[in-house]
Amino acid sequence: MASKKGDQKSLKLAAILDLNEASNLKANILSLRGAPLTIDASGVERVGAQCVQVLMAAAKAWEADKHPFSFGKASEAFLKTLQLIGVNIDHLLAKEIRQ
């Protein structure tokens, strides 16, 4: 689900981010390229490494395009899974959810 708020765009992630969802996630993210993007991971219950790779590639692409990319909200399950697989997104988290 993408929404537009001025130039800022946002994307609410699905509850289950597994291999089946990876290509949808990639397509949704690519459709929002070219503007600042905030990811809402507040409803994520389960996330697989493939979707994490898509999200990290998107962060790099936005960085290369010189547009902000951040996680505005993130569920505990999302953050714990990233920690378990060794992915640090602290620099991408909104100040309100940094630990």
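Keep in mind the model is a prediction, meaning the values are calculated, not measured. Along the sequence shown, residues are numbered consecutively beginning with 1.
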Close side-chain approach of I89 and L55, heavy atoms under 4.5 Å: no

Nearest atoms (heavy-atom pairs only) where I29 meets A58: CG2-CB, 3.6 Å

Check: W62 side chain, A35 main-chain N or O, donor-acceptor pair, under 3.5 Å: yes

Min side-chain heavy-atom separation L25-L11 under 4.5 Å: yes

Side chain proximity check, V44 to I16, heavy atoms < 4.5 angstrom: no

Side chain to side chain, L92 and I39, heavy atoms closer than 4.5 Å: no

Same cluster (ILVMFWY, side-chain, under 4.5 Å), M56 and L17: yes

Salt bridge (Lys or Arg N to Asp or Glu O under 4.0 Å) pairs, two or more places apart, involving residues 25-35: R33-D65

Note, F78 side chain near V52 side chain (heavy atom, < 4.5 Å): no

Distance-only side-chain donor-acceptor flag, E45 / S75, under 3.5 Å: no

Exercise: identify the closest heavy-atom pair between A41 and L13: CB-CD1, 3.8 Å

Results of side chain to side chain donor-acceptor pair (under 3.5 Å) for D18 - residues two or more places apart only: none

